[in-house]
> 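One structure, pasted below without further comment.
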Protein chains: 2
Amino acid sequence: MYTIGEVSKLLNISTHTLRFYEKEKIITPERTVRGDRRYSESHVQWLRFVIKLKETKMPLVQIQEYASLFLQGDETTHKRLNLLKNHQDHVQNQIQVLMEIDDLLLKKILAYEEYLRKQDFS
Amino acid sequence: MYTIGEVSKLLNISTHTLRFYEKEKIITPERTVRGDRRYSESHVQWLRFVIKLKETKMPLVQIQEYASLFLQGDETTHKRLNLLKNHQDHVQNQIQVLMEIDDLLLKKILAYEEYLRKQDFS
DNA sequence: ATACTGATTAGAGTAAACTCTAAGTCAAGA
DNA sequence: TCTTGACTTAGAGTTTACTCTAATCAGTAT
């Protein structure tokens, strides 16, 4: 079990942010008798996943929604499966958009390089 | 030449946002005698590109930087090229991350489906 | 003439996601 | 015993990117 400080160092998130995530119901660590937070290995795993989602700029509300899925009981399995599938759709869509932009950027870059090459000869 | 309202409809950006972008030096349309904004075809092209960059969550400051290089003219070509290349790197990175998440989601989805199949038999 | 539409400005307000502050408790080491 | 450092809370402040308001003006429709 990790303290908030340990998790903070391990994952490079400030303790402020970890408490903020708790307030926002994104993670709910256990507590010691005197009230200190204790994060288990699976809490850390979950946070790593959250960080991945954040890297793609997924809004916190969506991550929240996702998190609430896991806190719900077994009888919501179908609902959870649907939500996962929706998320996957969204992710695949985003990949599509990014690949188009990658292509656009490539074209612009090539145009610039061509322009510079021509300049060299003049 | 387009009025602000026409551009707003054409590109699905509010007139508020268009004026905001002007204040932030992202675009500088011409003006009529009485002071109304007039956007040319190339202004619209530039805005379309800005929208694409936004889709990849490029921060406004970076778009600003790019725009200002454009206004400074020819001797900034190298700088602009570098900026584009950096952004392309960033986009490709995002694609990578998203594909990892897509994979993770697929695994989770398959696990759920397996679980549901087993339930059907019991 | 009057109302409607669409434009102008400066500046205030909002939402998201932190980020920090104040004021404190508690346990361990010099 | 003192100090250091880790932890606690509620709540205030910050940044980004809008988003809206108020007050005004010009041109057109009824």
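No experiment lies behind these values; they were computed from the predicted model shown. Each chain gets a letter, A, B and so on, in the order the sequences are listed, and its residues count up from 1.
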> When the ring centroid of His87(B) is compared with that of His90(B), is the distance short of 6.0 Å?
yes
> With a 4.0 Å cut-off on heavy atoms, is Thr3(A) in touch with a base, just the backbone sugar-phosphate, or nothing at all?
sugar-phosphate
> Starting at atom CD of Glu24(A), determine the distance to atom P of dA10(D), rounded to an integer number of angstrom.
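My rounded result for the distance is 13 Å.
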> Do we see a donor-acceptor contact under 3.5 Å between the side chains of Arg38(A) and Tyr2(A)?
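No donor-acceptor contact under 3.5 Å links the two side chains.
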> Starting from C1' on dT16(D), measure out to CD on Gln62(B) and report it in whole angstrom.
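These atoms are roughly 14 Å apart.
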> Could you tell me the separation between the CD atom of Glu65(B) and the P atom of dT16(D), rounded to a whole number of Å?
14 Å
> Can you tell me how far the OG1 atom of Thr15(A) sits from the CD1 atom of Ile4(A), to the nearest 0.5 Å?
5.5 Å
> How does each nucleotide of nucleotides 8-23 of chain C score, in 5' to 3' order, for protein heavy atoms under 4.0 Å: base (B), sugar-phosphate only (S), or none (-)?
BB-------BBBBB--
> Given atom OH of Tyr39(B) and atom C1' of dG6(C), what is their separation to the nearest angstrom?
14 Å
> Looking only at the side chains, is there a donor atom on one of Tyr39(A) and Glu30(A) sitting less than 3.5 Å from an acceptor on the other?
no
> Kindly compute the distance separating CD (Gln88(B)) from CG (Asn93(B)), expressed to the nearest 0.5 Å.
11.5 Å
> Does a donor on one side chain and an acceptor on the other come within less than 3.5 Å for Arg80(B) and Tyr66(B)?
no
> Output the rounded distance in Å from CG (Leu18(B)) to P (dA17(D)).
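Spelled out: CG on Leu18(B) to P on dA17(D) is 16 Å.
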> Starting at atom CD1 of Ile13(B), determine the distance to atom P of dT19(D), rounded to an integer number of angstrom.
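Nearest whole value for this atom pair: 11 Å.
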